[in-house]
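Take a look at the structure set out below.
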Amino acid sequence: MRSSTLVFLWLLAACTPPTPVGPDVSVRPSWAQDVAPLVSQHCSACHVEGGVAPFALTTYAQAQSMAGAMAAATAAKRMPPWMPSGATPALEHARALSAEQIAVFQTWFELNAPEGDTASPAALPPPEQVRFEAPDLSVDIGVDYVPDARVSDDYRCFLVDLALPGDRMAAALRVTPGNRKTVHHVIATLFDASDRAALESIDAASAGPGWQCFGGPVPNASGVQPAGALGSWVPGVTAVRYPAGTGVKVAGGSLVVMQVHYNLAGGVDPDRTRLELEFAAPATESTLQPISAVPLARLNLAIPPGSTGWVEEQTLPARTWARNRFYPDGDGWVIGVAGHMHTRGQRFQILRTSGGVESTLLDIPAWDFHWQGSYVFKEPVQLLPADNLTVRCTFENPGATTITWGEGTADEMCLANLQVVDQRP
Ligand code: HEC
């Protein structure tokens, strides 16, 4: 072998990093320096005493005993719960861990979860806080509700009168669960004053406070249509502030249906969930753009028995989905998105095709009914009237009968919701 070749091989060997075997011991993550800040930022919203998660991760002792489970749950991306994939445009309050952060949990566990230098711990990042001034309006579900102990998940709707004398623009919303162990999510939907009698009769037709509502705020058969979406709450959310320059119009006399999902794994202690609104200053109200909800649905579902990876989808131009109801021609800016299926959903997507180019507005590759939420874009996405919008739902049906659209737990839905304003906010 010529010496130049040898030199070359030597150089190659010197430059090629050794194949990693086991944990990278040059990086020795510890609780005090590395893991506690990650837990504080990404886990503590739920893993605290009295929180929605079944155990706290506040102290070293608690985390040490769970180190293996934490490594496994983060590597499998079960934790923290965050459904949208990277194909979705950048989202506010994104919770997913980076590959490097997942590696910290992994290596820390493999090194037997060292506590590190407790004399000089790393500073804990402050919990994410959404600014919420004093509430202008504060209502609750009206009863100390004791969830139905016969089921594992109780979906209950409560009719709440905002008693608002005139129209206002809401700037922010805060939902405070009365029982953080059981309240898993809350969706607040607005209805017009003219629907009061219909809503009261839905309430009266059902025994006990409120009514059972798995698939949506009101039964389809009632014919009552929501006037708008106020917002939703999932564990970890402190408040929801609509993007600057926008707001949700709340008409005088409006009613709200609060759908509360109780997960009975947290017990059956009573709950009295509260809803608060902060209104825009009256002088600025007229300058704010009202946020419109544009629903996209695939209604005629027929998911055959024994199927998996079964796709149901609907594509229409933006102007058709908007039905000219919200803005004149289907031209607008999408500021947020949400998706809804039941428990047989596998994947959820909202796609836009503009000038022949397809892009993703929401992609949830592993649907989990328990962690559905609504998402706010960091940058709004423009919609043109001729853009095609697709809602695509992938299902499995292990049962023996065809699954169709409906509100029951055994039925399915394929429903997207876009939050749209007319001008770029
Ligand atoms: C939004 C609330 C929430 C956040 C944030 C969260 N968890 Fe959880 N976690 C839960 C709940 C609720 C459970 C109980 C099981 C379930 O419902 O999925 C759980 C269960 C677990 C479990 C046991 C079950 C399993 O899947 O292995 C581990 C371990 C865990 N979480 C670790 C973490 C870690 C580590 C973080 C942060 C990186 C985190 N969690 C963030 C809510 C949360």
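One is the number of the first residue; the rest follow in order along the sequence. Whatever order the structure lists ligands and atoms in, that order sets their numbers, starting from 1. Computed from heavy atoms alone, side chains included, the values below leave out hydrogens, waters and symmetry copies.
In this structure, Lys181 does not pair ionically with Asp269, as no charged nitrogen and carboxylate oxygen lie closer than 4.0 Å.
Between Val218 and Ser222, the shortest heavy-atom contact is CB-OG, 4.0 Å. The minimum heavy-atom distance linking Arg352 with Val381 is given by the pair CZ-CG1, 3.9 Å. Pairing each heavy atom of Glu312 with each of Ala302, the nearest pair is OE2-N, 3.1 Å. Closest non-hydrogen pair, Gln382 versus Asp387, comes out as O-OD2, 4.1 Å.
The backbone N or O of Arg392 lies less than 3.5 Å from no partner atom in the side chain of Thr390, so there is not a single donor-acceptor pair.
Atoms of ligand 1 found under 4.0 Å from any heavy atom of Pro235 (numbered from 1 in listed order, with element): 1 (C). Atoms of ligand 1 lying under 4.0 Å from at least one heavy atom of Ala69, given by number and element, are 29 (C). Atoms of ligand 1 lying under 4.0 Å from any heavy atom of His42, numbered from 1 in the order shown and given with element: 5 (C), 37 (C), 41 (C). Counting the atoms of ligand 1 from 1 in the order shown, those under 4.0 Å from a heavy atom of Val52 are 12 (C).
Remark: aromatic rings of His185 and Trp371 are distant, center separation not under 6.0 Å. Taking the six-membered ring wherever Trp is involved, the centroid distance between the rings of Phe369 and Tyr155 falls below 6.0 Å. Less than 6.0 angstrom separates the ring centroid of Phe214 from the ring centroid of His342. Ring centroids of Tyr145 and Tyr262 are separated by less than 6.0 Å, placing the two rings close together.
For atom 17 (O) of ligand 1, the closest heavy atom belonging to the protein is Trp371 CZ2, 4.3 Å. With respect to atom 13 (C) of ligand 1, the closest heavy atom belonging to the protein is Pro54 CD, 3.4 Å. From the protein, the heavy atom lying nearest to atom 23 (C) of ligand 1 is Phe55 CE2, 3.8 Å.
Contact annotation: for Ala45 versus ligand 1, there are no heavy atoms closer than 4.0 Å. With a 4.0 Å heavy-atom cut-off, ligand 1 is reached by no atom of Ala72.
Taking 4.0 Å as the cut-off, Gly236 does not count as a neighbour of ligand 1 on heavy-atom distance. Contact annotation: Arg95 has at least one heavy atom less than 4.0 Å from an atom of ligand 1.
Atom 15 (C) of ligand 1 lies below 4.0 Å from none of the non-hydrogen atoms of the protein. Of the protein's heavy atoms, at least one falls inside 4.0 Å of atom 6 (C) of ligand 1.
Take atom 8 (Fe) of ligand 1 and draw a sphere of radius 2.8 Å; the protein N/O/S atoms inside it number 2.
Paired with Val256 under the rule side chain to side chain contact (heavy atoms under 4.5 Å, CB included), one option of Leu277, Leu159, Leu190 passes, and it is Leu190.
Taking 4.5 Å as the limit, every side-chain heavy atom of Lys378 sits out of range of all side-chain heavy atoms of Leu91.
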